[in-house]
Amino acid sequence: MARLICDVAVIGAGTAGLAAERRARQEGAKTLLIDDRFAGTTCATVGCMPSKLLIAAGEAAEAVRRAAVFGIGTAAPVVDGVAVLHRVRAERDHFAAATRESFDALPPGTMRRGRARFTGPSTLALDDGDGVVAKAVVIATGSQPSVPPVFEPVRSRVLTNETLFELPDLPGSVAVIGAGPLGLELAQALARLGVSVAVFDQGQRFAGLQDPDVAAVLRTMLERDFPVRLGVRLHATLDGAAVALSWDGPGAGRERFDYLLVAAGRPPALAGLGLDRAGIVCDDESVPVFDRLTMQCGGAPVFIAGDATAERPVLHEASATGTIAGWNAACYPRVRPGRRTVPFAIMFTDPPLAVIGRVDDAASVVGEASYADQGRARVEALNRGLVKLYAEPATGRLVGAVMAAPGADHMAHLIAWAIEQRQTADDVLNMPIYHPTLEEGLKSALTQICKAVGAVAPPDRDRGSMPGA
Ligand SMILES: Cc1cc2nc3c(=O)[nH]c(=O)nc-3n(C[C@H](O)[C@H](O)[C@H](O)COP(=O)(O)OP(=O)(O)OC[C@H]3O[C@@H](n4cnc5c(N)ncnc54)[C@H](O)[C@@H]3O)c2cc1C
């Protein structure tokens, strides 16, 4: 039994762990990066990248179908499921290999394969019997799919994001469990690839949205591709090589599906970590209580980052929080706040959904823009969607946005950056906006905010609306 000595031990070699290890090493710390697989990050192997690859294939099929709108005649697209999944895996492997190359670039002795658990606040035991003594530890163990017990009887027909992309061919039918962003992205991609899809959720929220107006508009648009049943209680049994799924509640029914794709949340992967030995406090969900600026857990030499925090499970946050955690772990006990940016999440459906910052009707002035008749959106035959921008009533400073509209995945960056720059709606309107673009559609929402807060346009700026804007 060996005792490995280091300054900073990082548990988990995903996006957060890699960022934490790198930052700690840059601070001069001797680091140890522990992972049970070193397979590549979740993003590259079973998350962002393979899901976007599947979505890209669905969009290609949809573009063929939509061509008729422009007077272009085509036959219906022929989807070769084997080829679709072959490309998904080939490109996914390319991205995963790139993340594994970053392991190869680590200094010798930094990587240690194994499952780690705490034996004290800065000591770990590995599953092969070796121990680790560190000055500080970073928990970067990510999250994992959760399959509710009700689906145990049909486990052999349950897919998650960890198994979907390994299918040799596209299935005939899939019930997607979970109407959150991950479920809806995959549901639309599969539906556009010719899979018969239905989405079920026991809750009432669509895409995790609090805003009923945007949720309703988005739901109508996505229901062109597949039905969504919210507020249902599900019961599943095996039916030969398929699943018989019945549901109570609104529109009760029963249907056979080849598979269930469970996208019902990804809780932090903290089981078996021995957190009770780490000298830290956990909340009711057994997630460590941490300072969101320093990423420190209480006063212990323990830091946490990425999906393990259960705070903002998206990639850029894993990278940012990993960096802060690694920095502070290396400098412990001199712990300093790091900079966190505005909350920002995108769902890559058609149309995309973006949610940024503080979205609170009661505390804000709200500007709305419909994309039902927006100029560039009409040109592209994508004219549907709704955007709401939120601003401080006293100043018109932008604080948040909900955008379900064509191009929202790009336009959202402009709003997130404006929020980061503490810009007002007036500031944004005083910048050039090209014609005819999807961005022009934001002008009406920004103008409404300016009117509501009494921001008067400078005499040399026109705030009138242009045809086709
Ligand atoms: C289908 C899907 C699509 C997504 N799409 C997007 C997207 O488009 N954009 C976006 O921003 N985000 C997206 N995400 C979220 C994004 O992938 C995650 O936020 C990010 O990958 C989390 O990184 P992480 O470092 O926290 O965890 P991971 O990358 O999961 O790393 C955790 C590592 O810890 C290891 N580990 C766990 N426990 C132990 C232990 N006890 N001992 C040793 N090692 C351990 C694991 O093996 C793993 O390697 C998506 C996620 C999914 C599932």
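In this chain, residues are counted from 1 in sequence order. Numbering of ligands and ligand atoms starts at 1, following listing order.
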* **Cation over ring face, R384 and Y371, 6.0 Å, 45°** =>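 Judged by the rule, R384 and Y371 form no cation-pi pair.
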* Asked: Got a sec, which residues hit salt bridge (Lys or Arg N to Asp or Glu O under 4.0 Å) with R422, two or more places apart in sequence or on another chain?
  ->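 Checked R422 against salt bridge (Lys or Arg N to Asp or Glu O under 4.0 Å); zero matches.
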* To do: Taking salt bridge (Lys or Arg N to Asp or Glu O under 4.0 Å) as the test, write out the residues that go with R334, two or more places apart.
  =>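 R334 satisfies salt bridge (Lys or Arg N to Asp or Glu O under 4.0 Å) with no other residue.
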* Among D35, L124, T15, closest by any non-hydrogen atom to atom 49 (O) of ligand 1 ->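 Going through D35, L124, T15 one by one, D35 has the nearest heavy atom to atom 49 (O) of ligand 1.
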Where on [X] is there a heavy atom closer than 4.0 Å to ligand 1, on the side chain, on the backbone, on both, or on neither?
| X | value |
| --- | --- |
| T42 | both |
| R117 | neither |
| I11 | side chain |
| P313 | backbone |
| A140 | backbone |

Within-shell test, [X] vs ligand 1, heavy atom, strictly < 4.0 Å:
| X | result |
| --- | --- |
| G114 | yes |
| E317 | no |
| I346 | no |
| R266 | yes |
| A116 | yes |

* Asked: Is a salt bridge present between E62 and R224, judged by a nitrogen-to-oxygen distance below 4.0 Å?
  ->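 No, no charged N to carboxylate O under 4.0 Å.
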* Which protein non-hydrogen atom lies closest to atom 26 (O) of ligand 1, naming both residue and atom, and how far is it? ->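 Going atom by atom, the protein heavy atom closest to atom 26 (O) of ligand 1 ends up being D307 N, 2.8 Å.
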* Asked: Where is the nearest protein heavy atom to atom 9 (N) of ligand 1: which residue, which atom, and how far?
  ->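 The closest one turns out to be C48 SG, 3.9 Å.
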* To do: Identify the residue among T141, D128, D36 that makes a side-chain hydrogen bond (donor to acceptor under 3.5 Å, both in side chains) with R115.
  =>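 In the set T141, D128, D36, the residue that makes a side-chain hydrogen bond (donor to acceptor under 3.5 Å, both in side chains) with R115 is D36.
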* Asked: Among L442, L353, L218, D409, whose side chain to side chain contact (heavy atoms under 4.5 Å, CB included) with M403 holds?
  ->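 Testing each of L442, L353, L218, D409 against M403, the sole residue satisfying side chain to side chain contact (heavy atoms under 4.5 Å, CB included) is L442.
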